[in-house]
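These notes concern the structure reproduced below.
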Amino acid sequence: MKQYLAEKVEAALASLGYGGQVIPVFERPKLEAHGDLTTNAAMILAKSMGKNPRAIAREIASALKLEREDVVRVEIAGPGFINFYFADSFFTRKLSVILSEGSRFGRSNTGQARKTQVEFVSANPTGPLSVGHGRQAAIGDTIANLLEWTGHDVTREYYYNNAGRQMRKLAESTYARYQQLFNASYPFPEDGYQGEYIKEVAERLKTERGDRLTAMEREAALSVCKEAAETVLFEEIKKVLARIGVRFDVFFNEDSLYTTGKLQEVVEEFRRRGLAYEKDGAVWLKATELGLDQDRVIIKSTGEPTYRLPDIAYHREKFRRGFDLIVDIFGADHVATIPDVLAGVKALGYDTEKVKVVIHQFVTLMRDGEQVKMSKRSANFVTLDELIDEVGTDAVRFFFIMRSISSHLEFDLNLAKEQSEKNPVYYLQYAHARIASILRFAESEGVIGPDRSMLASADLSLLKETSELVLVKLLLAFPEVVSSSAESLEPHRVPTYLGEVATAFHRFYHEHRVVIPDRGLAGARLALCGAAQRVLANGLQILGISAREKM
RNA sequence: GCCCCCGUAGCUCAGUUGGAUAGAGCAGCGGUUUCCUAAACCGUUGGUCGGACGUUCGAGUCGUCUCGGGGGCACCA
């Protein structure tokens with residue numbers, strides 16, 4: 001419809017001699033009284049022409065040649081908006097599309113099968129996933145879903161490092177806990193990982209290998225400990241991710257960049273371009289030459305790379321693997337590293353416009369109106385696993401997604417657990433279940449058959465009530481919500497929209513009985529119910545939340 | 001000192017990429033069920049969009065400054 005109007009308005013503009021000076025853009029007005037679509041083309045034109053916007057709007061409106069019966073009214077309003085009003089039948093007719101497309105309704109091909117990578121979580125296997133990782137997992141997976149729904153060819157990727165200092169510390173911590181099982185006074189490293197999970201790994205080692213590690217050389221034993229800890233922790237991480245419905249296509253090991261010489265290649269490339277130099281025994285990246293405020297070390301004087309070098313090399317690999325769109329999802333604590341990495345990749349000749357960095361803010365857990373203090377050292381550290389235990393997977397995913405990514409997220413544990421109307425997850429699921437119940441009832445009354453195929457043949461023009469039409473229009477907006485949400489990488493728009501759908505449905509349900517003696521109208525209303533259920537189900541699927549038949 | 005995010009109703013947050021009279025949920029107050037799920041619906045109270053200046057037909061949205069909260073500025077990741 002936008003397409004049709006755009007053509008007509010452009011033709012009108014051309015006939016008035018305004019051709020090419022403005023591209024008419026249409027949007028849905030906030031207020032229903034302002035029509036179904038509106039354009040501000042006249043106001044934009046007024047600026048460059050120095051004329052009265054309302055006068056131009058009137059010119060355009062009278063030059064419009066609309067032959068369709070779908071547009072019932074064109075109005076000039078406010079400072080110079082041109083508002084278009086469509087016939088109710090235009091909307092109700094399109095409702096059948098929802099039923100015929102079913103689980104595909106809302107999908108589009110705006111992504112044009114572009115090879116897309118979404119990198120998220122990327123936690124090193126040094127401990128259990130935190131609540132913050134949980135938010136990232138939910139955001140990443142939902143963005144990946146949205147990109148799939150808009151026709152991208154998506155790879156979900158997890159980047160991790162099982163080498164380096166942190167893992168060394170993990171090995172030493174595990175080794176110490178293992179030794180303590182035989183000798184309680186064995187010293188624990190000062191900056192070791194305190195968590196209980198380390199003790200569990202040690203116990204497991206004891207079960208599997210007895211005391212044999214105590215007799216081994218320290219380095220050899222450490223290597224066994226490292227491997228054991230890594231294996232156990234990664235299993236745990238994957239298990240928790242699976243609990244909230246997140247799976248990855250690729251686990252990319254940072255270490256592979258070392259063993260295949262990729263890091264060296266990048267350093268050589270920087271040298272060749274005159275962007276690397278040595279100072280104080282370290283290798284520096286001339287970041288100042290790339291527009292940043294200070295040069296950065298990429299290889300320490302010890303010979304070890306800093307995190308920047310592998311990150312740059314990794315991103316270079318992303319490009320080399322042929323991704324057209326690269327989405328990185330990071331927590332707010334990583335913001336500072338991004339400019340360096342992007343500048344480095346750009347210096348290597350890659351188009352960093354293809355990299356979209358999504359930075360999410362932190363999560364605070366609230367219990368009984370008080371903030372739950374979380375620190376890795378203390379005992380009240382809440383893991384993602386524990387959070388899922390407490391509130392369930394649907395609530396976890398919903399709560400992590402419902403706020404905009406750039407906002408701090410206040411996670412109210414009491415609310416998430418509450419099985420009542422206050423809980424926004426239940427509100428959506430209830431709407432879906434309620435519709436399922438209506439359809440079951442209609443079936444038991446013999447109004448529709450078990451396969452529900454007759455919904456598609458209902459006479460939708462019978463839908464004339466306000467609350468019916470409000471719902472119809474909202475349902476038809478779903479594909480646009482999906483595509484704009486995907487394009488802007490803002491998954492929170494989906495739950496916001498679904499909440500509106502649920503509200504519109506509940507209102508319709510409250511005002512009008514569905515299963516009524518008038519079989520024609522009953523059929524139309526059942527079709528509307530079916531369409532609403534479909535939109536809710538598809539939306540919930542994008543969010544990775546279950547759509548329930550009963551509650 | 002510098003960089004990033006946030007500041008909108010008592011609380012938690014939306015706000016269609018600069019549009020028309022700033023919205024929702026919760027909390028408060030008042031209503032709705034002989035009927036397909038009341039985990040629902042309706043009405044109502046509540047605002048200097050942190051503040052100042054600017055950009056323009058038009059600013060919650062953009063720019064500069066400022067105040068407050070959070071995060072970050074290593075040869076840690």
Could you give the distance separating [M] and [N] at their [atom1] atoms, to the nearest angstrom?
N      : M      : atom1 : value
B:rU61 : B:rU56 : P     : 16 Å
B:rG30 : B:rG50 : C1'   : 34 Å
B:rG60 : B:rA24 : C1'   : 16 Å
B:rU12 : B:rG70 : P     : 14 Å
B:rC49 : B:rG23 : C1'   : 12 Å

Looking at [X], does any N or O in its side chain come under 4.0 Å of the phosphate oxygens OP1/OP2 on [N]?
X        : N      : answer
A:His492 : B:rG15 : yes
A:Lys300 : B:rC76 : yes
A:Tyr427 : B:rC41 : yes
A:Ser404 : B:rA14 : yes
A:Arg296 : B:rC75 : no
A:Lys422 : B:rA27 : yes
A:Ser437 : B:rU37 : yes
A:Ser407 : B:rA14 : yes
A:Ser406 : B:rC6  : yes

Report which part of the nucleic acid [X] touches: base, sugar-phosphate, or nothing (heavy-atom distance under 4.0 Å, all strands).
X        : result
A:Pro79  : base
A:Glu549 : base
A:Ala431 : nothing
A:Asp280 : base
A:Arg507 : sugar-phosphate
A:Ser301 : base
A:Glu445 : nothing
A:Ala442 : nothing
A:His512 : base
A:Asp340 : nothing

*Taking for each residue the nucleotide of RNA chain B bearing the nearest heavy atom, is the 5' side occupied by A:Pro53 or by A:Ile516?*
A:Ile516
Is a side-chain donor-acceptor pair under 3.5 Å present for [Y] with [X]?
X        : Y        : result
A:Thr259 : A:Ser256 : no
A:Tyr18  : A:Glu59  : yes
A:Tyr426 : A:Gln419 : yes
A:Tyr430 : A:Arg434 : yes

Among the candidates [options], find the nucleotide nearest to the side-chain atoms of [X].
X        : options                : answer
A:Gln166 : B:rA39, B:rA77, B:rA20 : B:rA77
A:Thr337 : B:rC41, B:rA77, B:rU17 : B:rA77
A:Ala336 : B:rG72, B:rG19, B:rC36 : B:rG72
A:Tyr307 : B:rA77, B:rC42, B:rC36 : B:rA77
A:Tyr430 : B:rC75, B:rA14, B:rA38 : B:rA38
A:Pro29  : B:rA20, B:rA39, B:rA77 : B:rA20
A:Glu410 : B:rC36, B:rU12, B:rC41 : B:rU12
A:His34  : B:rA20, B:rA38, B:rU17 : B:rA20

*Can you label the angle between the A:Phe362 ring and the A:His408 ring as parallel, tilted or perpendicular, going by 30° and 60°?*
perpendicular
*asked:* Determine whether a donor-acceptor pair (one donor, one acceptor, N or O, separation below 3.5 Å) exists between the side chain of A:Thr306 and the base of B:rA74.
replied: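 Checked by distance alone, the answer is no.
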*Look at the side chain of A:Asn40 and the base of B:rA20, then say whether one donor and one acceptor between them are separated by less than 3.5 Å.*
no
*asked:* According to salt bridge (Lys or Arg N to Asp or Glu O under 4.0 Å), does anything in residues 288-299 of chain A pair up with another residue at least two apart or in another chain? List the pairs.
replied: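 Listed once each, the pairs are A:Arg296-A:Asp340.
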*asked:* Is A:Tyr426 stacked against the base of B:rA39, taking the criterion as centroid distance under 5.5 angstrom and interplanar angle under 30°?
replied: yes
*Is the backbone N or O of A:Gly78 less than 3.5 Å from a side-chain atom of A:Arg54, with the two atoms forming a donor-acceptor pair by type?*
yes
*Within the side chain of A:Asp412, is there an N or O that forms a donor-acceptor pair under 3.5 Å with the backbone of A:Asn414?*
yes
*Measure from the ring center of A:Phe234 to the ring center of A:Tyr158 and say whether it is less than 6.0 Å.*
yes
*Below 4.5 Å, heavy atoms only, C-beta onward: do A:Phe91 and A:Asp36 meet side chain to side chain?*
yes
*Given side chains that start at C-beta, do those of A:Arg525 and A:Ile516 come closer than 4.5 Å, heavy atoms only?*
yes
*asked:* Using a 3.5 Å limit on both distances, find every run of at least three consecutive Watson-Crick or G-U pairs that involves RNA chain B.
replied: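 As far as RNA chain B goes, consecutive pairing (with distances under 3.5 Å) yields the stems B:1-7 with B:67-73, B:10-13 with B:23-26, B:28-32 with B:40-44, B:50-54 with B:62-66.
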*More than 12 heavy atoms from other groups under 6.0 Å of NZ on A:Lys346*: no
Tabulated below should be each protein N or O lying under 3.5 Å from an N or O of nucleotides 67-71 of chain B; please produce it.
unit_1 : atom_1 : unit_2   : atom_2 : d
B:rG70 : O2'    : A:His408 : NE2    : 3.3
B:rG71 : O2'    : A:Ala332 : O      : 3.4

